[in-house]
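Notes for the one structure printed next.
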Amino acid sequence: MAARTVRLSQPVLSTELKEQILGPNRRKQVGIFGGTFNPVHTGHLVMADQVGTQLGLEKVYFMPDATPPHVDHKGTIDAKYRVEMLAAAIKDNPLFGLELCEIERGGISYTYDTMVQLKQAHPDVDYYFIIGADMVNYLPKWHRIDDLVKLVHFVGVKRPGYAPTSKYPVVWVDAPQLEITSTAIRKRVKHGESIRYLVPNAVAAYIEKERLYLD
C-alpha cells in the first residue's frame with residue numbers, strides 16, 4: 001500500500017488568474033464526491049483535498065449514495081453508519097462538507113437526478129463532480145450522460161493504467177496515488193488485521209465501537 005506521487009502535467013491556476021477569468025461576480029464553485037464510502041478511507045480524503053485545493057473550490061461535499069446504480073450491485077451497510085463515519089472523517093477539514101440529498105431521497109441514486117435537484121436548490125453554484133480515472137471509462141453508460149454533462153464539470157483524478165482521455169469534457173487532476181480500497185479495509189477488519197493509517201483514527205474507533213464488518 002505504498003504511496004506514489006504523480007507529477008503534475010498541467011499548471012494549477014493561480015488565484016490572480018482565476019479572478020481575471022471569472023471576474024468579480026464569480027459563481028460559487030464546489031466539488032461533489034459521490035460513492036458508497038463503505039467505509040471512507042484515507043485515499044478518499046487525499047483525493048478530495050487535492051481536487052479541492054488544486055481547482056480552488058470553495059467546498060468539497062462528500063455525498064454517500066442510497067443505492068448505487070451499478071450493474072454489478074454492491075451490498076453495503078446501513079446509511080446511518082456510513083454517514084457517521086464520513087462526519088467523523090471530515091470534521092477537521094473546513095474544505096469538506098456532507099451532502100445527504102441522495103440518502104434522504106432514497107432509491108437508486110442516479111447522478112442526473114441528484115444534480116437536477118442540487119441545481120434547482122442552488123442555482124448560483126457551479127458543480128465539479130469528482131471521479132477516478134477508472135470511472136471515466138464508464139461515463140458513456142451513466143444515466144442520461146448527455147444531459148448530465150450540461151449540469152456538471154467532471155473532474156477525473158488520474159490513475160496509473162488509465163489514459164486521461166474521454167469523449168466527454170473532463171478536467172484532469174493529478175493526486176498522490178494511495179492503493180487503499182474499502183473492500184480491502186473490510187477484509188482486514190474481518191480478519192482482525194490493523195487498519196491504522198488506512199482510515200482516520202476516528203473512523204477506526206467507530207468501526208470498532210459499532211463492531212462493523214465482522215461478518
Side-chain angles (χ1 to χ4, degrees), residues 4-15 17-19 21-22 26-37 40-65 68-70 86 89-90 93-99 101-102 109-119 122 124-178 180-182:
R4 192 167 74 83
T5 300
V6 178
R7 187 173 56 188
L8 285 171
S9 61
Q10 59 188 33
V12 178
L13 293 182
S14 67
T15 302
L17 185 55
K18 287 188 68 172
E19 289 299 329
I21 295 172
L22 298 172
R26 58 177 293 191
R27 294 162 53 80
K28 295 179 182 176
Q29 297 183 310
V30 304
I32 295 288
F33 189 10
T36 55
F37 301 111
V40 60
H41 56 66
T42 305
H44 292 134
L45 301 171
V46 170
M47 188 170 160
D49 184 73
Q50 288 294 312
V51 171
T53 55
Q54 290 187 35
L55 296 184
L57 303 179
E58 295 180 32
K59 207 80 174 177
V60 176
Y61 290 100
F62 287 75
M63 184 174 69
D65 52 32
H70 302 142
L86 273 170
I90 68 175
N93 189 336
L95 175 64
F96 293 160
L98 272 179
E99 173 54 64
C101 66
E102 290 192 341
S109 301
Y110 288 116
T111 302
Y112 172 78
D113 296 340
T114 300
M115 296 316 303
V116 167
Q117 179 181 347
L118 289 177
K119 293 287 285 187
H122 308 285
D124 60 333
V125 173
D126 291 333
Y127 286 101
Y128 291 76
F129 200 92
I130 303 166
I131 55 177
D134 53 330
M135 290 300 296
V136 172
N137 292 336
Y138 287 97
L139 283 180
K141 299 180 179 180
W142 283 36
H143 178 62
R144 298 189 65 167
I145 181 62
D146 291 329
D147 295 319
L148 178 58
V149 295
K150 299 173 184 175
L151 300 175
V152 300
H153 304 280
F154 276 105
V155 181
V157 179
K158 295 180 183 177
R159 291 187 62 178
Y162 295 91
T165 59
S166 175
K167 62 181 288 187
Y168 297 102
V170 175
V171 178
W172 291 97
V173 169
D174 290 285
Q177 299 296 315
L178 303 178
I180 304 172
T181 68
S182 297

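Hydrogens, waters and symmetry mates play no part in the numbers below; they use all other heavy atoms, side chains included. Counting begins at 1 with the first residue of the sequence.
Exactly one of Tyr127, Phe62, Phe129, Tyr61 qualifies for a ring pair (Phe, Tyr, Trp, His ring centres under 6.0 Å) with Phe33. That residue is Phe62.
Shown here are the salt bridge (charged side-chain N to carboxylate O under 4.0 Å, His left out) partners of Asp124, two or more places apart in sequence or in another chain: Lys28.
When every heavy atom of Ala133 is checked against every heavy atom of Trp172, the shortest pair comes out as CB-CZ3, 3.9 Å. Considering all non-hydrogen atoms of both residues, Ile145 and Leu139 come closest at CG1-O, 3.3 Å. Shortest non-hydrogen contact noted between Lys158 and Asp174 is CD-OD1, 3.2 Å. The heavy-atom pair separating Thr165 from Val136 by the smallest distance is O-CG1, 4.0 Å. The heavy-atom pair separating Ala89 from Val40 by the smallest distance is CB-CG1, 3.8 Å.
A distance below 6.0 Å separates the ring centres of Phe154 and Trp142.
Looking only at side-chain heavy atoms (C-beta outward), Tyr168 and Asp146 come within less than 4.5 Å of each other. Between Val152 and Ile32 there is no side-chain heavy-atom pair separated by less than 4.5 Å. By the 4.5 Å heavy-atom criterion applied to side chains, Val60 and Val51 are not counted as neighbours. Looking at Leu55 and Gln29, their side chains never come closer than 4.5 Å, going by heavy atoms from C-beta outward. Two residues are said to be in side-chain contact when any heavy atoms from C-beta on lie closer than 4.5 Å; Met115 and Leu118 meet this criterion. Ser182 is listed as a side-chain neighbour of His41, based on a closest heavy-atom distance under 4.5 Å. When side chains are defined from C-beta on, Leu86 does not count as touching Phe96, because their heavy atoms never get closer than 4.5 Å. Using a 4.5 Å cut-off on side-chain heavy atoms (C-beta onward), Ile130 and Met47 make contact.
Checked by atom type and distance alone, the side chain of Glu102 never pairs as donor or acceptor with a backbone atom of Gly35 at under 3.5 Å. In this structure, Lys119 contributes its side chain and Val125 its backbone to a donor-acceptor pair below 3.5 Å.
A salt bridge (Lys or Arg N to Asp or Glu O under 4.0 Å) check over residues 131-145, counting only residues at least two apart or in different chains, returns the pairs Asp134-Arg159, Arg144-Asp147.
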